[in-house]
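Report on the following structure.
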Amino acid sequence: MLDTILQAGATVLLDPVTLGLMAIGTLAGLLAGAIPGFTIAMGVILTLPFTFGMSPIQGITTMIGVFVGGLSGGLMSGMLTGIPGTPSSVATTFDGFPLVRAGKPGLALGLGVWSSFFGGIISAITLVAFAPQLAFLGLEFGPWDYFSLIIFALTITVSLSGGNMVKGLIAGLLGLFAAVVGEDEINGVARFAFGSDEIRQGFSFLPVLIGLFAFSQLLTDVEDSERAKSPLMAKTADPVRVEHKKAIILIFKSWVNLVRSSVIGIFTGILPAAGGSISNILAYDQAKKAAKNRSEFGKGAIDGIIAPEAANNATAGGALIMMMALGIPGDIVTAVMLGALMIHDIIPGPSFIKDEPLLAYGVFISFFVAHFFMVVLQSLSLKIFLQVTKIPMYILACVILAYCAIGVFSLHNIVFDIWVMFGFGLIGYAMRKLGFPLAPMILGVVLGKLIELNLARATAISDNYLLFLSRPWSLFFITMAIISVLFPFYQSSKKESFFGKFYVPLATISLSIPLFMMQSPVRTFVAATLLLGGFYLMYQKVKKNNFI
Amino acid sequence: MTHRISDLVVSILLLLFSAVMINDSSNIRDLGFDGMKADFWPNIILWLLVIMSSILFGKSFIFIKNNPAISNLKIDNKILIISTLIKFKNAFICFAMFMFFLLTLDYLGMLIGGVLFVFGLLTFLGNFNFKSIVKHFLISIISIGCMWGIFTYGLKVMLPEGEILNVW
């Protein structure tokens with residue numbers, strides 16, 4: 001294993017081209033994250049066309065650079081202007097902006113940058129340690145289990161994407177449907193092609209994704225004429241000198257907060273669909289609860305900056321663990337990266353780390369190294385960012401729309417792909433306006449072929465559909481899927497209602513059943529703990545409400 | 001409130017879409033092999049879509065029926081169309097310009113078509129005065145020129161030349 005790590009390290013670190021591409025990617029990510037209206041996912045999607053001509057390791061390294069840079073870029077605009085660049089840096093603004101206004105912009109930026117760095121490094125170490133273990137666990141999965149895992153990934157995306165559950169499910173189903181159009185991979189039969197040779201080839205992942213996400217986002221950005229014509233930011237900040245040394249000392253003094261927030265970030269990242277936008281708020285909330293002086297929060301508290309920034313970068317490592325080990329994207333950005341790997345004919349899954357160790361460990365090392373680039377390039381990107389914010393949105397949008405067309409064309413050198421992007425751009429824009437979440441649809445498109453393939457494999461092995469319920473892992477994921485579907489109802493239900501009272505105990509007890517079925521000492525212990533915990537919670541509820 | 005009306009319309013459109021696709025799924029060839037047929041999974045998705053769309057339809061319908069303010073709402077179609085056009089003016093311009101760019105791509109190619117697209121869109125969305133027009137022209141030439149150069153020479157992508165450049 002050490003040989004592989006060293007070899008992968010050499011591939012990444014000793015190749016100046018790969019390092020250069022990673023640096024460019026990190027800088028691009030820092031800028032994409034800093035500009036309000038742009039998202040990290042958009043940055044990664046727009047980087048994709050450039051990676052077609054690269055080797056897989058160079059392509060994925062560049063995108064990891066964008067990913068890591070994007071997570072940290074959001075803090076610049078959030079702290080300096082009070083407008084978070086990305087949803088994953090919303091909580092950073094709560095204390096970052098007040099600290100800047102208190103005359104300490106250099107310290108605020110330093111805390112943000114170094115918290116991101118340490119959070120990322122902690123998650124990189126976790127990634128190296130846990131991804132191979134999780135992949136080892138994934139080797140137990142059969143096609144039934146994989147099918148159920150993807151169902152769980154889709155339902156939890158719907159559940160966490162907020163808003164209307166039915167609309168989320170419709171979006172997910174539309175994504176799955178987009179993936180079945182064209183030639184069937186199992187039988188080679190045309191589906192829903194309506195006599196068109198182009199549609200028979202199916203919709204490529206990239207045009208669909210750029211259309212749904214980037215195209216529709218750009219149209220939303222220029223919707224308001226006056227806002228589109230004015231510079232990106234009304235308030236432009238002054239260049240500042242980042243106080244590195246003081247920030248590092250303060251972060252080390254608050255190491256418990258750093259570690260706790262990083263752990264929150266990693267766990268949120270592992271959960272399919274829960275990205276940095278959730279983890280930064282969770283970590284901030286926990287830091288506030290644990291603080292001795294809560295009244296300082298919101299007025300420039302040091303812990304209020306460390307927590308969200310460490311968490312959002314740690315989330316990236318968690319999301320990568322899921323993608324590398326099981327082939328299930330942890331969030332929208334890793335969904336895009338998964339698609340990018342598929343374009344390079346690489347399909348992550350439990351055997352991926354074993355089959356492609358150089359590439360897998362190359363990803364781990366890139367994630368680690370990208371954090372060093374992020375720290376170094378932050379000052380440079382700050383200067384560029386201050387210039388970019390003077391550009392009106394309509395100029396950026398027009399140029400990027402043209403770039404989207406060129407980028408999509410370069411995938412297969414066919415104009416039909418641009419039409420696909422245009423069509424899905426229309427759909428994406430309409431969905432945004434009508435309140436349909438896009439994340440479930442994107443996940444549906446990415447995982448559509450995989451879910452059908454696993455269903456086909458399962459039915460080819462046995463026509464007994466009960467195996468989906470009798471296999472422990474499959475039952476575990478189906479139970480998780482049901483719990484995630486019911487979660488929004490639990491959130492909106494009154495705490496006094498029967499459902500509100502017994503949702504958590506029943507969910508805990510039901511999860512113990514598949515774990516008992518796995519018949520391993522550790523899992524039986526976990527199952528017994530869950531069962532006892534569930535019954536205890538239920539007893540408490542019954543006692544509190546005088547049912548006995 | 002208006003979202004409920006649009007939900008109702010969307011659910012009907014989704015039901016129609018599902019009906020058309022379910023009908024078309026009967027044209028998917030059965031090769032006679034054992035195992036899962038090619039139309040099995042798409043049909044599961046489509047029938048689930050029918051169920052979800054029906055739920056959306058039912059929820060919106062009941063909400064509108066129980067809210068007399070919405071059901072008695074008299075909408076002037078003329079005003080509705082005009083207000084929609086004003087609200088989404090820029091999006092419509094982008095769609096129209098992109099459509100034009102795509103339809104003329106065979107003739108103009110990516111270079112000329114791209115420059116015209118960016119210049120046209122910048123001028124429609126931005127300010128319309130001499131200084132702005134010059135600025136838009138320069139931005140379109142430089143941005144598309146750079147992209148063309150990077151993709152053609154750097155990434156070796158054969159972008160569509162178009163009939164005009166071909167003749168030259």
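Values reported hereafter were calculated over all heavy atoms of this structure, with side chains retained and with hydrogens, waters and symmetry mates removed.
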Output field: ring centroids B/Phe101/B/Phe98 closer than 6.0 Å: yes
Ring centre gap for B/Phe151 and A/Phe50 strictly below 6.0 Å: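 Yes.
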Intermediate values then yes/no, side-chain contact (heavy atoms from CB on, under 4.5 Å), A/Ile442 and A/Leu212: CA-CA 8 Å; A/Ile442 289 170; A/Leu212 275 179; 4.2 Å; yes
Using distance alone, with no hydrogens and no angle check, list the donor-acceptor pairs under 3.5 Å between chain A and chain B.
{"unit_1": "A/Lys167", "atom_1": "NZ", "unit_2": "B/Asp7", "atom_2": "OD1", "d": "2.9"}
{"unit_1": "A/Lys167", "atom_1": "NZ", "unit_2": "B/Asp7", "atom_2": "OD2", "d": "3.3"}
{"unit_1": "A/Arg191", "atom_1": "NH1", "unit_2": "B/Ala38", "atom_2": "O", "d": "2.7"}
{"unit_1": "A/Val222", "atom_1": "O", "unit_2": "B/Asn90", "atom_2": "ND2", "d": "2.6"}
{"unit_1": "A/Ser225", "atom_1": "OG", "unit_2": "B/Asn90", "atom_2": "ND2", "d": "3.1"}
{"unit_1": "A/Tyr394", "atom_1": "OH", "unit_2": "B/His136", "atom_2": "NE2", "d": "2.7"}
{"unit_1": "A/Lys433", "atom_1": "O", "unit_2": "B/His3", "atom_2": "NE2", "d": "3.3"}

Between [options], the one whose heavy-atom pairs under 4.5 Å with chain B are most numerous:
options	value
A/Leu176, A/Val399, A/Leu219, A/Ile406	A/Ile406
A/Leu174, A/Ile395, A/Leu218	A/Ile395
A/Leu434, A/Leu169, A/Ile461	A/Leu434
A/Phe409, A/Phe215, A/Phe436	A/Phe409

Nearest non-hydrogen partners of [X] and [Y], listed with the distance:
X	Y	value
A/Gly448	A/Ile451	O-CG2, 3.1 Å
A/Val445	A/Ala179	O-CB, 3.9 Å
B/Pro42	A/Phe192	CB-CE1, 3.6 Å
A/Met42	A/Ala214	CG-CB, 4.1 Å
A/Val222	B/Cys94	CG2-SG, 4.1 Å
A/Ala456	A/Ile186	CB-CD1, 3.4 Å

Distance check, rounded to the nearest 0.5 Å: A/Phe177 atom CZ versus B/Leu49 atom CG?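 Spacing of CZ (A/Phe177) from CG (B/Leu49) equals 8.5 Å.
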Spacing of A/Leu206 atom CG and A/Ile210 atom CD1 [to the nearest 0.5 Å]: 4.0 Å
Side chain, backbone, both or neither of [X] within contact of chain B (heavy atoms, under 4.5 Å):
X	answer
A/Leu426	both
A/Leu401	both
A/Ala190	backbone
A/Val189	side chain
A/Ala405	both
A/Met431	neither
A/Val180	side chain

Which word best sums up how the rings of B/Phe92 and B/Phe88 line up, parallel for under 30°, tilted for 30 to 60°, or perpendicular for over 60°? perpendicular
Using a cut-off of under 4.5 Å on heavy-atom pairs, state which of B/Val157, B/Ile44, B/Ile45 scores highest against chain A. B/Ile45
Can you tell which of B/Ala38, B/Gly154, B/Ala91 has the highest number of heavy-atom pairs within less than 4.5 Å of chain A?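 Result: the option with the highest number of such pairs is B/Ala38.
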Answer with side chain, backbone, both or neither: which region of [X] has an atom nearer than 4.5 Å to a non-hydrogen atom of chain A?
X	value
B/Met158	both
B/Ile139	side chain
B/Leu14	side chain
B/Leu122	both
B/Phe119	neither
B/Ile150	side chain

Over 12 non-hydrogen atoms of neighbours within 6.0 angstrom of CZ in B/Phe95: yes
Residue A/Phe416 excluded, over 12 heavy atoms near CZ under 6.0 Å: yes
Check whether any side-chain heavy atom of B/Leu8 lies under 4.5 Å from a side-chain heavy atom of B/Phe57, and answer yes or no.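 In short, these two side chains touch, coming nearer than 4.5 Å.
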